[in-house]
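Shown next, in structure tokens, is the structure this report addresses.
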Amino acid sequence: MLTSLQNSLVKQIRKLHAAKERHKQQLFLLEGTHLLEEACAVNYPLAVVCCTQQWQISHPMLWEEACQKSDRTEIVSEEVMAAIATTVQPDGVVALAKRDVSPTPIPFTGVVLALETVQDPGNLGTIIRTAAAAGASGLWLSGDSVDLDNPKVLRATAGQWFRLPMTVSPDLKATVMQAKQAGMQVIATLPSATLTYWQVDWRQPSLILLGNEGAGLSPELAAMADTSVKIPLNPGVESLNVAIAAALMLYEARRQRRG
């Protein structure tokens with residue numbers, strides 16, 4: 001059992017709390033039973049799995065599966081678990097997963113999201129969770145957004161991180177242009193739009209553009225949209241949370257496609 005906070009593996013994992021180290025080591029943290037279950041379900045490559053003795057006793061089948069699918073497994077003390085986890089009350093297991101640096105192919109079909117400069121990990125995680133639930137085809141993220149494998153993003157997805165094709169676009173404007181050339185309609189949310197989001201024909205292949213929490217979409221990206229839509233708001237309400245805006249449009253698209 002690992003009990004020392006000075007252990008080299010413990011130090012390595014603690015460094016992964018910082019984005020710079022996740023990029024450097026090409027590893028990221030999976031915290032909690034549910035995320036580990038989902039990773040194992042899709043055979044996501046695991047480097048290390050650490051758990052407390054109590055967690056091992058409580059989850060014998062998942063521990064056995066993790067041992068088979070990980071390069072290294074370790075039992076750690078409660079003190080070490082508290083140190084390596086980013087959560088205040090970890091549930092007893094933390095894994096290191098290998099970053100996938102190769103772009104995931106996103107199809108130019110169905111409904112796809114393109115997110116520009118989204119900074120809040122809770123927002124991004126909620127959008128990923130909602131997109132997976134609504135049956136979206138995938139998600140593009142601009143390079144200046146929060147990392148896809150930020151620990152808070154992963155937790156906010158409630159395990160759906162492994163279910164949705166996602167990739168970081170090195171040039172989101174170029175990606176949007178590719179989508180247009182492939183026949184997708186590009187839809188931007190703008191407060192000045194005359195159409196409401198339910199007046200769009202979502203049965204067509206559609207790319208939804210969503211921008212930064214504070215600044216919204218950049219003028220350059222907004223100008224690339226074929227259609228601009230608004231979400232009606234009561235007087236005095238300036239805007240909706242970006243994750244809520246994404247959910248409304250994704251489920252309107254699902255409603256029309258199912259109808």
Side-chain angles (χ1 to χ4, degrees), residues 1-102 104 120-133 139 146-166 168:
M1 178 185 290
L2 293 184
T3 59
S4 173
L5 299 183
Q6 302 307 312
N7 178 274
S8 59
L9 176 62
V10 175
K11 289 182 176 180
Q12 177 194 4
I13 297 174
R14 294 183 74 174
K15 286 181 179 179
L16 292 173
H17 293 193
K20 180 180 178 181
E21 280 292 326
R22 294 195 294 273
H23 289 234
K24 180 180 176 181
Q25 295 187 37
Q26 289 301 300
L27 294 168
F28 65 96
L29 293 164
L30 293 178
E31 298 182 60
T33 305
H34 187 44
L35 279 174
L36 180 60
E37 286 174 337
E38 292 295 330
C40 288
V42 299
N43 293 314
Y44 198 90
L46 301 175
V48 182
V49 178
C50 297
C51 76
T52 62
Q53 197 163 41
Q54 183 58 50
W55 186 92
Q56 181 196 28
I57 293 169
S58 302
H59 303 83
M61 294 181 65
L62 182 55
W63 174 248
E64 183 178 347
E65 187 175 9
C67 288
Q68 294 171 354
K69 294 182 175 179
S70 177
D71 297 339
R72 177 180 176 181
T73 53
E74 295 285 352
I75 308 296
V76 304
S77 67
E78 298 282 352
E79 184 183 16
V80 167
M81 179 56 60
I84 64 177
T86 64
T87 50
V88 177
Q89 294 181 313
D91 78 349
V93 65
V94 170
L96 304 191
K98 298 170 184 177
R99 292 188 101 219
D100 187 1
V101 293
S102 58
T104 302
D120 185 272
N123 281 338
L124 179 55
T126 301
I127 291 170
I128 292 168
R129 181 180 184 179
T130 306
L139 179 150
V146 62
D147 282 345
L148 279 170
D149 52 25
N150 178 291
K152 291 181 180 178
V153 171
L154 282 148
R155 290 199 298 275
T157 69
Q160 296 310 307
W161 192 91
F162 300 99
R163 308 286 179 179
L164 183 73
M166 302 177 290
V168 175

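Owing to the predicted nature of the structure, the values given are computational and were not obtained by experimental measurement. When a residue number appears, it is its place in the shown sequence, counting from 1.
- The two residues Leu30 and Ala97 make their nearest non-hydrogen contact at CD1-CB, 3.9 Å.
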Show me the donor-acceptor pairs within less than 3.5 Å that the side chains of residues 35-52 make with the rest of the protein, sequence neighbours left out.
residue : atom : partner : partner atom : Å
Glu38   : OE1  : Arg163  : NE           : 3.0
Glu38   : OE1  : Arg163  : NH2          : 2.6
Asn43   : OD1  : Lys69   : NZ           : 2.9
Tyr44   : OH   : Lys98   : O            : 3.1
Thr52   : OG1  : Trp55   : N            : 3.2

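- In terms of heavy atoms, Arg99 sits closest to Leu27 at CG-N, 3.7 Å.
- Closest of all the heavy-atom pairs between Ala85 and Pro90 is CB-CB, 3.6 Å.
- The line from CG of Leu124 to CG of Asn150 is 8.5 Å long, rounded to the nearest 0.5 Å.
- Residue Leu29 holds its CG atom at 8.0 Å from CD1 of Ile84, rounded to the nearest 0.5 Å.
- With respect to Ser77, the side chain to side chain contact (heavy atoms under 4.5 Å, CB included) criterion is satisfied by exactly one of Leu5, Val10, Thr3: Thr3.
- Distance check, rounded to the nearest 0.5 Å: NE2 of His23 to CG of Asp147 gives 3.5 Å.
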Please lay out, stage by stage, how Leu9 and Arg72 fare under the test side chain to side chain contact (heavy atoms under 4.5 Å, CB included).
-> CA-CA 11 Å; Leu9 176 62; Arg72 177 180 176 181; 3.7 Å; yes

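- Note: Gln25 CD to Lys15 NZ = 7.0 Å, rounded to the nearest 0.5 Å.
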Would you please test Phe28 and Leu148 for side chain to side chain contact (heavy atoms under 4.5 Å, CB included) and show each step?
-> CA-CA 10 Å; Phe28 65 96; Leu148 279 170; over 6 Å; no

Under the side chain to side chain contact (heavy atoms under 4.5 Å, CB included) criterion, do Thr104 and Met166 qualify, and how do the steps go?
-> CA-CA 6 Å; Thr104 302; Met166 302 177 290; over 6 Å; no

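- Nearest heavy-atom pair across Ala158 and His34 is O-NE2, 2.9 Å.
- Here CD1 of Ile128 is found 7.5 Å from CG of Leu154. Values are rounded to the nearest 0.5 Å.
- Across Pro121 and Lys152, no two heavy atoms sit closer than the pair CB-CB, 3.6 Å.
- Across all their heavy atoms, Ile57 and Pro60 have their closest contact at O-CD, 3.5 Å.
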Verdict with reasoning, Trp161 to Asp149, per side chain to side chain contact (heavy atoms under 4.5 Å, CB included) | CA-CA 9 Å; Trp161 192 91; Asp149 52 25; 4.2 Å; yes

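- Atom CG in Leu96 sits 11.5 Å away from atom CZ in Arg22 (nearest 0.5 Å).
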Decide yes or no on side chain to side chain donor-acceptor pair (under 3.5 Å) for Thr86 and Arg155, but give the supporting numbers first.
-> CA-CA 11 Å; Thr86 64; Arg155 290 199 298 275; 3.0 Å; yes

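- Met61 CE: 12 or fewer foreign heavy atoms inside a 6.0 Å radius.
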